Structure formats: structure tokens, C-alpha cells
S.K.: 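Questions regarding the structure given below will be posed in turn.
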Amino acid sequence: MEIIHADIAIVGAGGAGLRAAIEAAEIWPEGKIALISKVYPMRSHTVAAEGGAAGVIHPDDSLDKHFQDTISGGDWLCDQDVVEFFVERAPAELAKLEHWGCPWSRTQDGHVCVRKFGGMKVPRTWFAADRSGFHILHTLYHHTTQFKNITRFDEHFAVDLIEYDNAIRGILTYDIQNGVFRLFCAPAVILATGGAAQAYHFTTNATIVTGDGMALAYRHGVPLRDMEFVQYHPTGLPGCGLLITEAARGEGGVLINKDGYRYLQDYGLGPETPKGEPQNRTMELGPRDRLSQAFWHEQKKGRTIQTPHGDVVYLDLRHLGATKLEERLPQICELARAYAGVDPALDPIPVRPVVHYTMGGIETDCHTATAMQGLFAAGECASVGLHGANRLGSNSLSEILVFGHEAGLQAVHYAKNADACDAKRIENIANEQINHVMNRFGKKINDDSTAKIRHEMGTTMEKYVGIYRDEDGLQNAANIIKELKIRQKALRVSSPESRVFNFDLLHILELGFTLDVAEAMVHSALGRRESRGSHQRIDGDLQAYTKRDDTLFLKHTRAFYRENDNPMIQYAPVTITKYPPQARLYGSAEKQNQNN
Ligand SMILES: Cc1cc2nc3c(=O)[nH]c(=O)nc-3n(C[C@H](O)[C@H](O)[C@H](O)COP(=O)(O)OP(=O)(O)OC[C@H]3O[C@@H](n4cnc5c(N)ncnc54)[C@H](O)[C@@H]3O)c2cc1C
């Protein structure tokens, strides 16, 4: 085992990890920063983001409007101090990216162009055509290369955290290319490992998005917060799950059912826009949770279109014309042609809701600190309190910048004052962990496989922990996940001949992480007997759980890991500063309320 000493170890080289590395390297030129990623940085999921990043810049916009949209979008479960912190910093972060070379799309007169996004009542989403994530990640990655104090460890898989006395001491990794273990001793560690949408079968997320960092922190006593809130994006391509960005609706796309009817007007998101006004002012630009729920109801009413890959509705972009489509949405045109066999200029695109984002994650305070000293978390793996019960589209790319920056800053402050590590003790812990991993190379116990268990996990989560949930279904899911965890523990590497690029081993470890995260999702959902944002229940006496219940549930869920037992669930208050809870209204319902 090789031992590497660093001042700060960052696990994850997606948007959040890269932004954290830049900040730390810039303010502490003597600090040694190890940037660890299980894939080459440009393959991190951030690269797949299409639509853009939110930040106030439009003359009609204000920080207060961004604040309010985010909080009502999150169904009042956002920590409002965190949202204030975020909206104030987002524009400067986006402008900084511009200085580092990010090619934001521009208006004819040279201003940064912003588009509308769901649940945002003013255009505020900065974009680079529909390849925003690619350009953001590329800009950040390129910028990191100028810092001599950042050392990259690509294709290094974080196997476990090393901690004692409730303080982080380092990270044990597996070097995928060489099949050896490498131990990083570091007084400060930032987890920036992304989401966990691979807990579900049908998802927009890359196969590497398996919740590793969440599970690592969780297993070491750090709570996972608000895990019941899993976002379905309303427009995924059937079969493959590839995302058709919300920007398609921001640019004017409309959703129609099998009768060609814009059904969203039936779900409190209407009305049909009067002649002469821009289309989709409210309907298609309602928040994602509401749109996905509307699909579910359309399906129940038999108004969706059946396909071999499940029921769909149509996203119609034809009226935008080929020129605009190629200019603003070139990637989704490409995806629709390649994966759905339709040309969006000529045909509507079949779409259906697909799992997209995990609002919950590693509990942190507003400054990315976790309950473990020296351990910070940022980006999708973290629950900093920004998104509440439903994230608004384009807030996440800004989140990884704002809180990646903050994590870098805080880790430097911490590491500069931290005590020296006890190298022997760290090594002993690492050796034990290595033995644990190497046991997976033992003799095969049965014919079970990672693929089988993963499939069962994904379909179970979809069936019972999907857009709508009830007690019986959730209990079923809890029982099945428990069983799958036992089966996962018995898995052994089926190709033990070589440790080099042994993906069999990595997939077993990833599956273990995802199952722990899935279990936290299920038990958090069982505990929340109300409906809020992306967590919708269809049960309770007199269907009591179908409504938001601020008396009992205006609080965060905290799941604590218990080895060989169900997670322990606790609750914590939500921080409300200046926007007290009220009904969450969009479209005509909102207008009516304002007039009353
Ligand atoms: C298709 C798609 C489109 C999206 N579009 C938008 C959009 O337009 N606007 C928006 O705001 N949001 C969007 N999102 C969400 C947003 O892109 C993500 O939430 C965000 O990019 C996550 O960034 P991150 O840095 O937290 O994680 P990621 O970019 O996922 O990076 C995670 C990093 O952690 C590393 N890692 C993970 N586990 C380990 C391990 N065990 N060992 C070592 N390294 C590890 C990975 O290698 C990777 O480098 C989209 C998401 C998807 C899936």
C-alpha cells in the first residue's frame, strides 16, 4: 500500500470537486491538494448537464425573486439562510466562469443570454447552447491545470473513509489502472461524489452515479438528510432514459397527450395561454414534481401513448422551426434523432418521467461542514438545505459552483489548523479495510450476480418509491432492499485473475453503496406521512397523507446508519428567515390567489 500525504483530499472531480480544488489551490499555494476521481474528470456526470445554470442577471430579475422561486419550488423545506447565501453568490460564480473561458450563449448585442426554466418565474438560466455542463466542466477542468499544488489521481476509487475520534484522517482508494491500494492521509477531506440516481432502474444519470460518497459518510455516522426526495424529470426518452432538457420547454416546447391536448392545464398549471402571448408561460414551465405527477394522472386516465418502453406523452417543438432548434437545442435534436428516431423539427418527441436527481444527501451546514470534523461535502452528494422537497432546474449547476467554492475555502481554514495525524493508527485502519475488500476475491458462494441484484433494486425503487407512494408499497420496498443487502454481502468477484481494471470488484462495491442509500430513501419516505414536493403519498386515514402537513412535517428527515438494522430516523427543524410557508401555487391558481 502506497501512502500519500496531502493537506486536503477531494473525492470527486465533477463540477463541485473541481471548483473546490481551484478555490483551495488559489488561496493556499503551499497547500497540497489531492484530487481523486473514479473516472477521468471530464467523464463526471456534470458533463451531461444540458440546460444551464441559474443566477440573477436579467433586468426583470432580483435576488429576492430567485430566493422566493427556490423556496416555493422546494415546497418550503429549503433552509432559507442557505438559499439567501446561494442566490447572492451564484451570479458572481457564473461571471467567474466566463472569465475562465466558459462560452455562455449571448444575445445579438453581446449580453449573456438567459432562458426560462421550470418554476422560475423570470428568465435566469445562463446556458451554452444545450451543452452547458460540458462547457462548465471543461472550463473548470482546464482551469485546475494551472495550479501546481493540485495533483490528480484519476481512476482512483474511494473505498472507505479513515476516521477516529470523530475526525476525518484520510481516504483509502483503489487504483483502478494498477489494481493497488493507495492511502491518502489528509486532515481535511471534501466529498464531491455526486448523486445516487442509479438506485433506480430508469434514470438520466450516468452509471457511475451510485451514491458512493453518501454511503461512505453515512456508514461513518454522518446523517443523510431528506433522502425521501428523489426528483423525476418529466421528459426522458423512453427506453434509454436520456434527458430532453427542460430548456426545450423554456424555448417554447409544449407537452401534449394522445389526443394532442395540452393536459397540464388540467392540473393547476394552466391556463392555455391567450393568443398573442408567448406559449407555455406557466404550464410547461411548472416545476418538475408537478409535471411528473400530471403524467401519472394522465396515464391513469388512459390518455398517454403506449410504447414498448412504457407509456409516453409528446413534447412538441415543431413550431420552433429547424433554425432555432439547431441554434438553441442542437444536442437534444441529435439525441431525438439517434435514440427516438424522430426529427424534432418534423415530429413530436416521445417522453416520459425519469429519475433525475437526489435532493437529499450528506447533511451539511451552510458552509459545507458535516457532523464529522474535517469532513466537508458539496454538490449533489450533499444536502446543504438548498433544494428542499424539489430542486428547481438549473439551481444545481450553480450549487456546485457556490458550494464547491465554499468547501474549498472551509477545508483550507480547517487543514491549516488541524493536528498532525497518527500515521500508524491510520495505516492500521486502512489495512483492516483492505482485508475487507480483498475478501471479495474469495471463493464464489452461489450463482447470484451484481447485475441481478442491481436490477431488482432499481425496479423495486421505481415500483414502490416512485412518483406516488403508500405505506404498504414502501414497507415492501424496505423488506426487499433488506434482502438484497444480504445477497450483496455474499457476492464474490467472478473474475479474480487480475486486479487491474477489475470492474467486477468495483461494481460489487458500488452496489453496496447504492443499497445503503436506497435503504435510507425508503425509510425516510416511510416516516414522512404527508405529501410535499417530490414525495407524494396516496394513503393515510381519509387520505390524510395526500396533503402537505406543516404542523407535523415542516422538518428535515435525518437517517442514521445502523449496521444489520433499519436506519434510525430523526427530524430537525427547517430554517425559515423571511418567507413563511404558504400554498404553493403556479399558473392561474397563483393569479387567482393574488387577485383575492
Ligand atoms: C443528464 C443530466 C442533465 C442535467 N442538467 C442540468 C442542468 O441543465 N442544470 C442543472 O442545474 N443541473 C443539471 N443536472 C444536475 C447536475 O448536472 C448535477 O447535479 C451536478 O452536475 C452534480 O455535480 P457534482 O460535482 O456534485 O457530481 P458529478 O459531476 O456527478 O461528479 C461526481 C464525481 O465524483 C467521483 N466519484 C464518485 N464516487 C467516487 C468514488 N467512490 N471514488 C472516487 N471518485 C468518485 C466521480 O468520478 C466524479 O468525478 C443534470 C443532471 C443530469 C444527469
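All residue numbers in this chain count up from 1 along the given sequence. All values reported here derive from a predicted model rather than from experimental measurement. First listed ligand is number 1; within each ligand, the first listed atom is number 1.
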S.K.: Does any donor atom in the side chain of Q80 or E84 lie under 3.5 Å from an acceptor atom in the other side chain?
M.R.: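 Checked: Q80/E84 side chains show no N/O donor-acceptor pair below 3.5 Å.
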S.K.: In the protein, which heavy atom is nearest to atom 41 (N) of ligand 1, and how far is it?
M.R.: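 Answer, as residue, atom name and distance: D212 OD2, 2.8 Å.
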S.K.: Does some non-hydrogen atom of H356 fall short of 4.0 Å from ligand 1?
M.R.: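 Yes; H356 lies near enough to ligand 1 that a heavy-atom distance drops under 4.0 Å.
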S.K.: Establish, yes or no, whether a centroid distance under 6.0 Å links the rings of H367 and F85.
M.R.: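 Yes - the distance between ring centres of H367 and F85 falls below the 6.0 Å cut-off.
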S.K.: Which one of G15, S37, S396 has a non-hydrogen atom at the shortest distance from atom 47 (O) of ligand 1?
M.R.: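 The nearest heavy atom belongs to S37.
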S.K.: Does a salt bridge link D130 with R328, judged by any charged N lying under 4.0 Å from a carboxylate O?
M.R.: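 No, this pair does not count.
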S.K.: How about H220 and Y561: does a side-chain donor come under 3.5 Å of a side-chain acceptor?
M.R.: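 Short answer, no.
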S.K.: Does CD in Q146 sit with more than 12 non-hydrogen atoms of other residues, nucleotides or ligands closer than 6.0 Å?
M.R.: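 Yes, CD of Q146 has more than 12 neighbouring heavy atoms, counting only those of other groups under 6.0 Å.
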S.K.: May I ask you to say whether E23 pairs ionically with R19, meaning some side-chain N is under 4.0 Å from a carboxylate O?
M.R.: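 Result for this pair is yes, salt bridge flagged.
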S.K.: Return the closest protein heavy atom for atom 11 (O) of ligand 1 as residue, atom name and distance.
M.R.: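 In this structure, atom 11 (O) of ligand 1 has L397 N, 2.7 Å as its nearest protein heavy atom.
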S.K.: Could you check atom 42 (N) of ligand 1 against the protein and tell me its nearest heavy-atom contact, residue, atom and distance included?
M.R.: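 I find the closest protein heavy atom is A158 N, 2.8 Å.
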S.K.: Against heavy atoms of Y357, which atoms of ligand 1 measure under 4.0 Å?
M.R.: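 Atoms satisfying the 4.0 Å criterion: 19 (O).
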S.K.: Counting only heavy atoms, tell me which of G236, G195, A192, G17 gets closest to atom 33 (C) of ligand 1.
M.R.: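 Nearest heavy atom to atom 33 (C) of ligand 1 lies in A192.
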S.K.: List ligand 1 atoms under 4.0 Å from G14, heavy atoms only on the residue side.
M.R.: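 So the answer, numbered in order with elements, is 25 (O), 29 (O), 31 (O), 33 (C), 49 (O).
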S.K.: In terms of side-chain geometry, is the basic nitrogen of R124 or D61 positioned less than 4.0 Å from the acidic oxygen of its partner?
M.R.: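 Looking at D61 together with R124, the answer is yes, because their closest N to O distance falls below 4.0 Å.
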S.K.: Determine whether the aromatic ring centres of residues Y218 and F513 are separated by less than 6.0 angstrom.
M.R.: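 They do not qualify: ring centres at least 6.0 Å apart.
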S.K.: Check the pair E510, K38 against salt bridge (charged side-chain N to carboxylate O under 4.0 Å, His left out), reporting the backbone distance first and the verdict last.
M.R.: CA-CA 11 Å; E510 282 178 341; K38 67 179 175 182; 2.7 Å; yes
S.K.: Do K485 and D516 meet the salt-bridge criterion of a basic N to acidic O distance under 4.0 Å?
M.R.: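 Salt bridge: yes.
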S.K.: So which protein heavy atom does atom 4 (C) of ligand 1 come closest to, and at what separation?
M.R.: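 Nearest protein contact, heavy atoms only, for atom 4 (C) of ligand 1 is A49 CA, 3.4 Å.
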S.K.: In ligand 1, which numbered atoms sit nearer than 4.0 Å to a non-hydrogen atom of S394?
M.R.: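 Taking each heavy atom of S394 in turn, ligand 1 has 9 (N), 10 (C), 11 (O) under 4.0 Å.
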S.K.: Using the benzene-type ring in the case of Trp, are the ring centres of Y232 and F295 under 6.0 Å apart?
M.R.: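 Centroid separation for Y232 and F295: 6.0 Å or greater.
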S.K.: Who's the nearest protein heavy-atom neighbour of atom 21 (O) of ligand 1, and how far?
M.R.: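 Looking at atom 21 (O) of ligand 1, the protein heavy atom closest to it is T46 OG1, 2.8 Å.
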S.K.: Examine ligand 1 and decide if any of its atoms is less than 4.0 Å from a heavy atom belonging to V11.
M.R.: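 Flag set, V11 near ligand 1.
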S.K.: So, do F86 and H66 have ring centers that fall under 6.0 Å from each other?
M.R.: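 Between H66 and F86, which both carry aromatic rings, the centre distance is below 6.0 Å.
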S.K.: Tell me which protein heavy atom sits closest to atom 8 (O) of ligand 1, plus the residue, atom name and distance to 0.1 Å.
M.R.: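 The answer is G51 N, 2.8 Å.
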S.K.: Quick one: which ligand 1 atoms are inside 4.0 Å of a heavy atom on G12?
M.R.: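 Contacts of ligand 1 toward G12, numbered from 1: 33 (C), 34 (O), 35 (C), 49 (O).
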S.K.: Any atoms of ligand 1 less than 4.0 Å from a non-hydrogen atom of H156? List them with their elements.
M.R.: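 Contacts of ligand 1 toward H156, numbered from 1: 42 (N), 43 (C).
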S.K.: Give the atoms of ligand 1, by number and element, whose distance to some non-hydrogen atom of G379 is under 4.0 Å.
M.R.: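 Per the distance check, 26 (O).
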S.K.: Any atom of ligand 1 sitting under 4.0 Å from a heavy atom of I208?
M.R.: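 No, I208 has no heavy atom closer than 4.0 Å to ligand 1.
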S.K.: Compute the ring centroids of F181 and Y174, then answer whether they are less than 6.0 Å apart.
M.R.: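 Ring-ring flag for F181/Y174: true, centres closer than 6.0 Å.
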S.K.: Check if A13 has a non-hydrogen atom at a distance under 4.0 Å from any atom of ligand 1.
M.R.: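 A13: in contact with ligand 1 (<4.0 Å).
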S.K.: Atoms of ligand 1 less than 4.0 Å from A16 heavy atoms?
M.R.: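 Reading through ligand 1 atom by atom, the close ones are 25 (O).
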S.K.: Just checking, any donor-acceptor pair under 3.5 angstrom between side chains of T204 and H356?
M.R.: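 Yes, side-chain donor-acceptor contact under 3.5 Å.
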S.K.: Touching ligand 1 at all, A53? Heavy atoms, strictly under 4.0 Å?
M.R.: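 False for this residue.
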S.K.: Among protein heavy atoms, which sits nearest to atom 48 (C) of ligand 1, and what does the distance come to when rounded to 0.1 Å?
M.R.: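 Nearest neighbour among protein heavy atoms for atom 48 (C) of ligand 1, to 0.1 Å: S44 OG, 3.3 Å.
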S.K.: Is it true that G393 lies under 4.0 Å from ligand 1, counting heavy atoms only?
M.R.: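 No; G393 lies far enough from ligand 1 that no heavy-atom distance drops under 4.0 Å.
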S.K.: Does ligand 1 have an atom under 4.0 Å from some heavy atom of R391?
M.R.: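 Yes, that is the case, since the closest heavy atom of the residue is under 4.0 Å from the ligand.
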S.K.: Considering only non-hydrogen protein atoms, determine which one is nearest to atom 27 (O) of ligand 1 and report residue, atom name and distance to 0.1 Å.
M.R.: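 Going atom by atom, the protein heavy atom closest to atom 27 (O) of ligand 1 ends up being G194 CA, 3.3 Å.
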S.K.: Taking heavy atoms and a distance under 4.0 Å, where does V39 meet ligand 1: side chain, backbone, both or neither?
M.R.: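 Contact part for V39 vs ligand 1: both backbone and side chain.
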